[in-house]
2 protein chains.
Amino acid sequence: MLDYDFDESIGYWLTVTTQRYHRAFNDALVPYGITFRQSQVLGWLALEGELSQAELAGKMMIEPPTLVRILDRMERDGLIRRRPCPTDRRRKLIGATAKSKPVWAKIVECAKGIRARATDGLTDRQQATLKKLLGRVHENLLLTPPTELSDR
Amino acid sequence: MLDYDFDESIGYWLTVTTQRYHRAFNDALVPYGITFRQSQVLGWLALEGELSQAELAGKMMIEPPTLVRILDRMERDGLIRRRPCPTDRRRKLIGATAKSKPVWAKIVECAKGIRARATDGLTDRQQATLKKLLGRVHENLLLTPPTELSDR
DNA sequence: GACAATTCGTTAGCCTGCTAACTATTAGCG
DNA sequence: CGCTAATAGTTAGCAGGCTAACGAATTGTC
């Protein structure tokens with residue numbers, strides 16, 4: 001029994017910490033009627049201008065079908081616009097609307113607040129270390145499983 | 001413009017790393033027909049024996065309504081059993097079935113494999129640091145937002 | 001130029017998160 | 001004792017993850 005280091009491990013802390021982070025972020029954004037992922041969409045559009053859905057999904061590291069519904073809601077709420085791409089009729093270009101501008105300003109405020117709360121008590125060096133370690137774990141898991149035991 | 005350190009920050013890395021982790025875990029568990037959260041339920045039951053739903057939700061750090069549906073599916077699949085508590089008719093005690101035993105053994109295998117992959121190239125000290133830093137961030141976000149700006 | 005392979009967005013179906021609101025039961029307090 | 005408050009589990013409704021599969025359009029190849 002008690003091979004049960006199982007849950008007191010990296011995966012456990014990743015899970016609960018990320019959950020908390022999203023919860024705090026979403027709570028902070030409630031007054032502006034948007035969510036964490038929606039704020040991220042506006043962030044990328046602010047940074048890069050118009051993007052196709054595939055490009056946006058790539059930057060957000062989510063699958064295209066997941067993005068579709070996020071954009072559906074944002075389009076419904078008038079935060080973004082889908083425009084057919086003039087050179088490739090398969091693509092649609094996503095752009096932020098004028099209505100989203102003031103929302104984006106609020107998001108930046110919120111993001112700063114949450115980050116300050118999240119990193120309270122951590123030195124710059126510790127924050128850098130945390131990012132570096134997370135980056136390594138992420139990279140480790142990026143590869144498809146080696147299927148090394150397929151012949152056992 | 002470019003207050004957009006926004007997404008190159010802790011929240012970003014937390015999000016993508018955790019996503020990857022869950023994806024890897026779920027992928028590895030597909031052959032056994034269960035998911036990450038279901039495996040966690042079995043883990044807690046293996047460790048603690050019968051638990052009420054509120055206790056289980058507390059240990060898993062999720063809300064009771066979220067747990068209900070997870071348990072519904074597991075009960076449907078014969079992995080757990082809900083038993084009325086003899087001393088409190090509101091409570092239900094959750095227990096693992098005999099059918100879940102071999103599944104649990106497989107989970108332990110998978111968990112070890114994923115963890116090994118995730119922490120590849122990290123020393124024990126680095127893993128401890130990662131857990132410690134995640135723990136601090138989690139703790140920072142645990143408190144309800146101070147509502148310090150409510151009067152502005 | 002025609003046909004196969006690929007890419008883009010979408011839909012459907014499943015699992016997981018949350019809050020709000022409800023029922024049933026228990027606990028607490030006058 | 002009796003009434004209120006709190007607790008356990010559930011349901012409904014919304015947002016977000018994924019895969020599989022599909023139609024439309026483009027790219028690649030012979």
Peer 1: With distance as the sole criterion, do the side chain of B:Arg82 and the base of D:dG9 form a donor-acceptor contact below 3.5 Å?
Peer 2: no

Peer 1: Can you check the B:Ile70 CD1 to C:dC18 C1' distance for me, whole Å?
Peer 2: 12 Å

Peer 1: Base, sugar-phosphate alone, or nothing: which one does A:Leu67 contact when heavy atoms must sit under 4.0 Å apart?
Peer 2: nothing

Peer 1: Can you tell whether the side chains of A:Arg23 and B:Glu63 come within less than 4.0 Å, N to carboxylate O?
Peer 2: yes

Peer 1: Do B:Leu130 and A:Val137 have side chains that approach each other closer than 4.5 Å (heavy atoms only, starting at C-beta)?
Peer 2: yes

Peer 1: Taking CG from B:Asp72 and P from D:dA12, how many angstroms apart are they, rounded to a whole number?
Peer 2: 12 Å

Peer 1: Grab the CG-C1' distance between B:Leu56 and C:dT16 for me, whole Å please.
Peer 2: 15 Å

Peer 1: Does the side chain of A:Gln19 get closer than 4.0 angstrom to OP1 or OP2 of C:dT16 through an N or O atom?
Peer 2: no

Peer 1: Kindly point out which of C:dG17, C:dT19, D:dG9 is positioned nearest to the side chain of B:Lys92?
Peer 2: D:dG9

Peer 1: Give a yes or no on whether a donor-acceptor pair under 3.5 Å exists between the nucleobase atoms of C:dT16, that is its base, and the side chain of B:Arg37.
Peer 2: no

Peer 1: Between B:Asp72 and B:Arg82, is there a salt bridge with N-O shorter than 4.0 Å?
Peer 2: yes

Peer 1: Using atom CG of B:Leu29 as one end and atom P of C:dC14 as the other, report the distance to the nearest whole Å.
Peer 2: 20 Å

Peer 1: Quick check: any donor-acceptor pair below 3.5 Å linking the side-chain of B:Arg90 to the base of D:dT7?
Peer 2: yes

Peer 1: Nearest whole angstrom, please: distance from the C1' of C:dC14 to the CG of B:Asp27.
Peer 2: 14 Å

Peer 1: Which residue lies toward the 5' end of DNA chain D, A:Thr35 or A:Asp88, if each is placed at its nearest nucleotide?
Peer 2: A:Thr35

Peer 1: Please work out if B:Arg76 contacts a base, only the sugar-phosphate, or nothing of the nucleic acid, heavy-atom cut-off 4.0 Å.
Peer 2: sugar-phosphate

Peer 1: Check the distance between C:dC14's C1' and B:His22's NE2 and give it to me in whole angstrom.
Peer 2: 17 Å

Peer 1: B:Asp77 or B:Met61: which one's nearest nucleotide on DNA chain C is closer to the 5' end?
Peer 2: B:Asp77

Peer 1: OP1 or OP2 of D:dG16 sitting under 4.0 Å from any side-chain N/O of A:Arg73?
Peer 2: yes

Peer 1: Just by distance, do the side chain of B:Ser52 and the backbone of B:Lys92 share a donor-acceptor pair under 3.5 Å?
Peer 2: no

Peer 1: Quick one: is A:Gln53 getting a side-chain N or O under 4.0 Å of the C:dT7 phosphate, OP1 or OP2?
Peer 2: no

Peer 1: Please state how far atom CZ in A:Phe36 lies from atom P in C:dC18, giving the value in whole angstrom units.
Peer 2: 16 Å

Peer 1: Between the side chain of A:Asn140 and the main-chain N/O of B:Asp120, is any donor-acceptor distance below 3.5 Å?
Peer 2: yes

Peer 1: Look at the side chain of A:Arg23 and decide which nucleotide, out of D:dC18, C:dC18, C:dG9, has an atom nearest to it.
Peer 2: C:dC18

Peer 1: So, OP1 or OP2 of D:dG16: does either fall under 4.0 Å of a side-chain N or O from A:Thr66?
Peer 2: no

Peer 1: Heavy-atom count check: over 12 atoms from other residues, nucleotides or ligands less than 6.0 Å from A:Glu75 CD?
Peer 2: yes

Peer 1: Under 4.0 angstrom, heavy atoms only, what part of the nucleic acid is B:Arg69 near: base, sugar-phosphate, or nothing?
Peer 2: base

Peer 1: Does B:Arg91 put a side-chain nitrogen or oxygen below 4.0 Å from OP1 or OP2 of D:dG9?
Peer 2: no

Peer 1: Can you tell me the distance, in whole Å, between the CD1 atom of B:Ile34 and the P atom of C:dC14?
Peer 2: 19 Å

Peer 1: Heavy atoms from C-beta onward define the side chain here; which of C:dG9, D:dT10, D:dG9 lies closest to that of B:Pro65?
Peer 2: D:dT10

